[in-house]
Amino acid sequence: MTEEEKAAQAARTRTKLMEGLARAERALFTRSAPKSPRAQMKFLRKREKGSTKTLAERLGVSRKTVQRYLSGASTKPNKRLQEVLVKETESEWQPQVRAQARQHATTSGGLVIKFRATLGFTANGSSDDTRVRDLSIAVSPSHAALILAAREEGATDADLHEAVAEAIADAYFRQGGGGRASLEVKFRDVQSLDIEF
């Protein structure tokens, strides 16, 4: 596999991981996030301390566009703006609920990672050979902390991939030691990935 292919694969894994974390956070919401473009704009404007200029920059639109949605003159955003509104609204919605879930995951609860991907290590004919697996694995709070910190700090695709791969490898192959501590586990070709707090 070339370096270019490895980078593309890591980027796809990061995207799936970020989407999985976002879905996990949405599942925690105790109330629904605003759905209409006007309600989303009002919510985001409040988060920007009332500044339509800052909100427009954040959404990648003109200030006039923000004002039209706030006044109700515009009601149907284009696909790109709709996606940005949903993403930005959900990223700001119920921060205390998300913070409590992260705190629990990093101190006592860990994370559950469900995935379909190529996973394993070379063991010459053992059941641990690299192959496609459908698994649901509980990872430790220490690994949950590393994954969430990497996400918050904007880690590179490769670093985030490595953090998830190590968490899965430790939970699945290396539990209880057993002489497998130095194994290099392969985690690639991620087809699906979900996370639960």
Side-chain angles (χ1 to χ4, degrees), residues 1-29 83-84 86-88 90-91 93-95 97-197:
M1 184 179 293
T2 68
E3 288 302 315
E4 205 172 279
E5 290 170 329
K6 286 180 184 177
Q9 184 178 40
R12 285 191 300 274
T13 300
R14 179 190 175 87
T15 299
K16 289 187 187 306
L17 177 64
M18 297 303 263
E19 290 170 354
L21 284 166
R23 282 191 301 273
E25 288 180 344
R26 279 195 303 270
L28 300 170
F29 293 161
E83 289 172 356
V84 170
V86 168
K87 179 183 172 208
E88 293 297 323
E90 289 180 351
S91 74
W93 190 245
Q94 294 190 323
V97 171
R98 288 197 315 273
Q100 288 171 350
R102 287 185 194 126
Q103 178 69 24
H104 177 72
T106 60
T107 57
S108 60
L111 296 170
V112 175
I113 301 177
K114 299 176 181 180
F115 63 90
R116 178 177 176 82
T118 302
L119 176 71
F121 60 90
T122 304
N124 296 332
S126 83
S127 64
D128 293 332
D129 277 345
T130 304
R131 61 186 165 90
V132 174
R133 299 171 194 253
D134 286 300
L135 295 173
S136 179
I137 296 177
V139 299
S140 69
S142 60
H143 281 298
L146 291 172
I147 292 167
L148 294 172
R151 175 191 182 210
E152 294 300 317
E153 294 166 4
T156 66
D157 295 343
D159 290 342
L160 197 53
H161 184 147
E162 182 67 26
V164 173
E166 277 301 305
I168 291 169
D170 279 354
Y172 190 70
F173 291 111
R174 298 180 189 138
Q175 73 245 1
R180 296 181 170 188
S182 63
L183 290 177
E184 183 181 332
V185 176
K186 293 177 178 32
F187 176 66
R188 61 178 192 265
D189 303 328
V190 178
Q191 297 169 21
S192 65
L193 190 141
D194 281 308
I195 297 173
E196 294 175 6
F197 283 94

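Within the 4.5 Å cutoff, no side-chain heavy atoms of Val112 are placed close to those of Ile195. Residues Asp170 and His143 have side chains in contact (heavy-atom distance under 4.5 Å, counting atoms from C-beta outward). Counting only heavy atoms from C-beta outward, the side chains of Val132 and Arg116 approach each other to under 4.5 Å. For the pair Leu28 and Gln94, the minimum side-chain heavy-atom distance is 4.5 Å or more.
Of the inter-residue distances, the one linking Glu19 atom CD with Leu193 atom CG reads 9.5 Å to the nearest 0.5 angstrom. Note that CG of Leu111 and OG of Ser140 are 9.0 Å apart. Values are rounded to the nearest 0.5 Å. Between the CZ atom in Phe115 and the CG atom in Asp194 there is a gap of 12.0 Å [rounded to 0.5 Å]. A distance of 7.0 Å separates CG of Leu148 from OG1 of Thr106, quoted to the nearest 0.5 Å. In this structure, OG on Ser91 lies 11.0 Å from CZ on Arg26, to the nearest 0.5 angstrom. Here Leu21 contributes atom CG and Glu196 contributes atom CD; the two are 12.0 Å apart, rounded to the nearest 0.5 Å.
The nearest pair of heavy atoms linking Ala138 to Ala171 is O-CB, 3.5 Å. Between Ala144 and Ala105 the shortest heavy-atom distance is CB-O, 3.5 Å. Nearest heavy atoms, Ala117 versus Arg188: CB-O, 3.5 Å.
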Determine, stepwise, if the pair Leu119 / Arg131 fulfils side chain to side chain contact (heavy atoms under 4.5 Å, CB included). CA-CA 6 Å; Leu119 176 71; Arg131 61 186 165 90; over 6 Å; no
Please walk me through it: do Arg102 and Glu152 pass side chain to side chain contact (heavy atoms under 4.5 Å, CB included)? CA-CA 11 Å; Arg102 287 185 194 126; Glu152 294 300 317; 3.8 Å; yes
Do Phe197 and Arg98 pass the side chain to side chain contact (heavy atoms under 4.5 Å, CB included) test, and can you show the C-alpha distance, the side-chain angles, and the key distance before you say yes or no? CA-CA 10 Å; Phe197 283 94; Arg98 288 197 315 273; over 6 Å; no
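Listed by chain and residue number, nothing satisfies the salt bridge (Lys or Arg N to Asp or Glu O under 4.0 Å) test with Asp159 (two or more places apart in sequence, or in another chain). Among residues two or more places apart in sequence or in another chain, the side-chain contact (heavy atoms from CB on, under 4.5 Å) test is passed with Leu160 by Arg14, Leu17, Met18, Ala150.
Here the two rings, on His161 and Phe187, have centers that are under 6.0 Å apart.
Contact check on Glu25 versus Arg151 returns a salt bridge, with a Lys/Arg side-chain nitrogen under 4.0 Å from an Asp/Glu carboxylate oxygen.
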